[in-house]
Amino acid sequence: MHALVQGASRGIGLAMATALAARHEMETVFASARRPAESDGLASLRDRHGDRVQLVSLDVADEASIAAAARHIRERVSELHLLVNVAGLLHEPGVAPEKRLEQVDDAALARLFAVNAAGPLLVVKHLAPLLMHERRAVVANLSARVGSIGDNRLGGWYGYRASKAAQNMLTKTLAIELGRRAPNVICVALHPGTVDTALSLPFQRGVPEGRLFSPDRAARQLLAIIDSLEPEDSGRFLAWDRTTIPW
Ligand SMILES: NC(=O)c1ccc[n+]([C@@H]2O[C@H](COP(=O)([O-])OP(=O)(O)OC[C@H]3O[C@@H](n4cnc5c(N)ncnc54)[C@H](OP(=O)(O)O)[C@@H]3O)[C@@H](O)[C@H]2O)c1
């Protein structure tokens with residue numbers, strides 16, 4: 001089996017790549033990041049597993065970079081059985097979750113949509129030929145509960161919420177198309193819970209006791225869901241405990 005963890009330099013993605021590399025049935029784990037050479041976590045994973053872990057440069061906000069990464073992977077394997085789109089953005093210099101309307105900024109909105117919504121779909125676009133085969137394949141897009149429109153009771157975080165809602169729509173639409181063209185491919189949107197990473201660090205106050213997961217625990221929970229998915233699960237939005245989240 002061959003897997004790609006897209007966005008594996010740190011956080012949940014690094015934990016997922018680590019857990020997958022420990023599985024004997026995994027022949028190759030491609031682990032992508034914008035600058036994989038700068039990730040100590042990826043360097044030590046590669047040291048432990050040698051060529052079974054392949055580091056790939058990929059920036060989800062740059063389609064040419066996605067296309068180049070896909071070419072690199074296609075030169076090495078003829079099938080992928082798991083693609084986890086992990087890369088996501090909540091804050092970076094120039095991008096911060098908005099508390100009020102006056103803080104909404106067009107450049108920040110565009111950046112959030114590029115990374116969180118368009119990026120995962122473009123990765124599937126370029127890797128689809130490797131996913132359409134006779135065996136089971138899973139595309140798992142890491143989403144967020146705050147991207148649920150039905151569950152939005154607090155408001156705020158316009159750009160992040162809307163970009164994850166858009167990502168959810170793209171995942172659902174993809175699941176419908178692939179359900180016709182490639183029924184072996186199961187596509188889902190997954191909410192990892194609140195996980196102790198750089199992304200959530202400024203917002204961890206108020207997380208109930210026992211509900212701030214380590215990246216390793218989050219990876220374990222997400223992989224348990226991925227392992228259990230059946231074709232009829234394609235197009236679903238599932239939380240870390242396998243409950244369905246309303247769109
Ligand atoms: N942590 C939580 O509580 C939480 C809750 C709900 C949903 N999520 C979702 O879970 C996913 C992982 O989050 P995390 O907490 O692990 O975040 P994180 O620790 O901040 O890691 C984010 C990852 O995304 C990558 N990334 C960001 N922009 C990228 C780009 N343009 N191209 C390629 N890679 C890029 C980062 O790589 P670089 O090293 O290149 O920056 C890093 O590997 C995200 O989609 C997030 O929205 C997280």
Side-chain angles (χ1 to χ4, degrees), residues 3 5-8 10-20 82-90 97 112 115-117 119-121 124 136-176 178-179 185-247:
V5 181
Q6 185 280 111
R10 50 200 168 88
I12 300 169
L14 178 61
M16 292 193 88
T18 303
L20 287 167
L82 173 60
L83 161 58
V84 195
N85 275 308
V86 183
L89 175 64
L90 174 59
L112 286 162
V115 173
N116 293 341
L121 184 67
V124 181
R136 175 180 179 274
V138 172
V139 173
N141 291 336
L142 286 214
S143 181
R145 188 184 294 275
V146 296
S148 164
I149 294 172
D151 192 57
N152 183 359
R153 283 164 299 212
L154 284 176
W157 294 28
Y158 285 89
Y160 186 71
R161 281 185 188 280
S163 64
K164 289 292 187 181
Q167 185 208 51
N168 287 347
M169 177 58 96
L170 297 173
T171 302
K172 175 80 185 182
T173 303
L174 176 70
I176 291 170
L178 292 185
V185 188
I186 301 166
C187 305
V188 288
L190 298 179
H191 166 60
T194 305
V195 186
D196 188 9
T197 66
L199 182 140
S200 70
L201 191 62
F203 311 101
Q204 291 177 359
R205 234 173 350 129
V207 177
E209 181 77 29
R211 278 303 180 88
L212 180 63
F213 302 139
S214 69
D216 287 345
R217 177 168 172 191
R220 218 170 34 246
Q221 291 171 162
L222 292 169
L223 287 172
I225 294 179
I226 288 169
D227 289 342
S228 75
L229 292 170
E230 301 284 344
E232 53 272 24
D233 293 316
S234 200
R236 293 180 67 189
F237 181 18
L238 298 170
W240 58 273
D241 57 359
R242 221 186 189 289
T243 52
T244 295
I245 302 176
W247 296 114

Can you see which heavy atom on [X] is nearest to which on [Y], and at what distance?
X      : Y      : answer
Ala198 : Arg10  : CB-NH1, 3.8 Å
Ala140 : Leu190 : CB-CD1, 3.9 Å
Trp247 : Gly235 : CZ2-O, 3.1 Å
Ser163 : Ala117 : O-CB, 3.5 Å
Ala239 : Ile245 : CB-CD1, 3.7 Å
Asp233 : Ile186 : C-CG2, 4.5 Å

For [Y], is there any backbone N or O sitting under 3.5 Å from a side-chain donor or acceptor partner on [X]?
X      : Y      : result
Asn85  : Gln6   : no
Lys172 : Cys187 : no
Gln167 : Gly119 : no
Asn152 : Ile149 : no

Spacing of [X] atom [atom1] and [Y] atom [atom2] [to the nearest 0.5 Å]:
X      : Y      : atom1 : atom2 : answer
Ile12  : Phe213 : CD1   : CZ    : 10.5 Å
Asp151 : Arg161 : CG    : CZ    : 8.0 Å
Leu199 : Tyr160 : CG    : OH    : 5.0 Å
Ser148 : Arg153 : OG    : CZ    : 8.5 Å
Leu238 : Ile226 : CG    : CD1   : 10.5 Å
Arg236 : Thr243 : CZ    : OG1   : 9.5 Å

**Prompt:** Yes or no on side chain to side chain contact (heavy atoms under 4.5 Å, CB included) for Leu229 and Arg242, after CA distance, side-chain angles and deciding distance?
**Reply:** CA-CA 10 Å; Leu229 292 170; Arg242 221 186 189 289; 4.0 Å; yes

**Partner of Pro192 by side chain to side chain contact (heavy atoms under 4.5 Å, CB included), out of Thr197, Ile225, Leu222** = Leu222

**Asked** Is there a side chain to side chain contact (heavy atoms under 4.5 Å, CB included) between Phe237 and Thr171 once you walk through the steps?
**Response** CA-CA 9 Å; Phe237 181 18; Thr171 302; over 6 Å; no

**Asked** Taking atom CD1 of Ile176 as the centre, does the number of heavy atoms from other residues, nucleotides or ligands within less than 6.0 Å exceed 12?
**Response**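 Atom CD1 in Ile176 is crowded, with more than 12 foreign heavy atoms closer than 6.0 Å.
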
Please report, to 0.1 Å, the donor-acceptor pairs under 3.5 Å made by any side chain of residues 201-212, with sequence neighbours excluded.
unit_1 : atom_1 : unit_2 : atom_2 : d
Gln204 : NE2    : Asp196 : OD1    : 2.9
Gln204 : NE2    : Ser200 : OG     : 2.9

**Side-chain donor-acceptor contact under 3.5 Å, Asn141 with Ser143** =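 There is no such pair between these side chains.
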
